[in-house]
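Following: one structure in structure tokens, then a few remarks.
Counting starts at 1 for both ligands and their atoms, following the listed order.
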Amino acid sequence: MNRRALLFGMAATPGLAAMGFGRPARGAMTASLSTAATEKGRYFGTAVRIDQIEANPRLRQAVLNDCGFLTPEIHMKWNALQPARDQWTPGPADGLVRFAQANNLRVRGHALLWHKSTPQWAEAEIARERDWSTVGRYIEAVAGRYRDHVEEWDVVNEPIDADGSTDGLRDNVFMRSYGSSYIARALEAARAAAPKARLAINDYSFEYDNSTEQVRRTAFLKLLEKLKAAGTPLDSVGLQAHLDLSKGPLKPGILKPFLAEIAGMGLDIAITELDVNEHDRRLSLRERDARVADEVRRYLDIVLDEPKVKGVTTWGLSDEHSWLQAAGARGAALNRGLPYDAVLEPKPMHRAIHASLLA
Ligand code: XIL
């Protein structure tokens, strides 16, 4: 029986687990994405919340079946870890790390600095005092706490803004208070606190052929070049890869040179938040799932051609938990941009990832 024939719905056979085919939600068999990735020297992972894993045995099973790496979807963001200056709430992040350890999974830390998850008290303090110690203390505490558990950190998340006035850098509280050096300083602080962790900058909207994304790609490469030239501790680049069916075809001629430039700087690349925004939900579920799977296959076939791409992480496993869902959406109104549907049945996107990882 060839590998492809083993995908989905074949009778479970003892012993296959040893070959990497775990048992997913409903007793049907789903090929392990992690096993496929590992076979090619890569990893597969997903973003998770420990409360969702604990509440949903099927999710837990899918995570264990498919993942070698976990990213905390929210638990390691600043507003989750330190909602007030004198209030630390590391419980969920610690819980996720314990779950990972207990199951032999690795952890990507996400994210030390992000304009959207900086708690209000910290933003106010940074804006008022312009003193690096607010950020420095935070990075030291968090990167230090998880120094033996987080293998790779998104140190700065989303620093690029195509409308930004300064070199395509986002006009956030860090820029306003410290200037563009905040990025290098954050990387240095993370290196000091967690010397073994690999350090990354993570950002979005680099995939498609349009003028905004072209500006973003150029600004990003320029930032990376500057950091490397200055000897800043930067090991890796995170490409979020929130794909979008309304944005036109993915083009190898756009993506490949972009990846090659990053690789040429000696940086590793991680696909960190893969999912697909469908937009148009009028077609049949079958057609919608086929479109999503095709987009993912096309994207991964292009990016996995680059040896520096070390792993793929999806931003969740089940449509039920996707950040792309509109509030209250149910049934066919749900966006179907993750490998499993809302009841944890694998979809064609799962098969597409598996095939691309092995291609
Ligand atoms: C999102 C989470 O999925 C949501 O649950 C949360 O409310 C907001 O953040 N880019 C990122 C992620 O880097 O951290 C975001 O995650 C999605 C976009």
Side chains of residues 324-333: which donor-acceptor pairs under 3.5 Å do they make with residues two or more places apart or in other chains?
from: Gln325; atom 1: OE1; to: Asn335; atom 2: N; distance (Å): 2.7
from: Gln325; atom 1: NE2; to: Asp319; atom 2: O; distance (Å): 2.8
from: Gln325; atom 1: NE2; to: Asn335; atom 2: O; distance (Å): 2.9

Item to complete: Inspect the contact between Asp148 and Lys196 and indicate whether a charged nitrogen and a carboxylate oxygen are less than 4.0 angstrom apart.
Response: yes
Discussion item. Under 4.0 Å between a side-chain nitrogen and a carboxylate oxygen: does that hold for Glu152 and Arg108?
Written reply: yes
Discussion item. Any salt bridge linking Arg170 with Asp163? Criterion: basic side-chain nitrogen under 4.0 Å from a carboxylate oxygen.
Written reply: no
Practice prompt. Before accepting this row, confirm whether a basic side-chain N of the pair Lys247/Glu213 lies closer than 4.0 Å to the acidic partner's carboxylate O.
Written response: yes
Worksheet item: Hey, which residues fall under 4.0 Å of ligand 1 on heavy atoms?
Response: Glu73, Ile74, Lys77, His110, Trp114, Asn157, Glu158, Gln240, His242, Glu273, Trp315, Trp323
Worksheet entry | Sidechain N-carboxylate O distance under 4.0 Å for Glu345, Arg336 | no
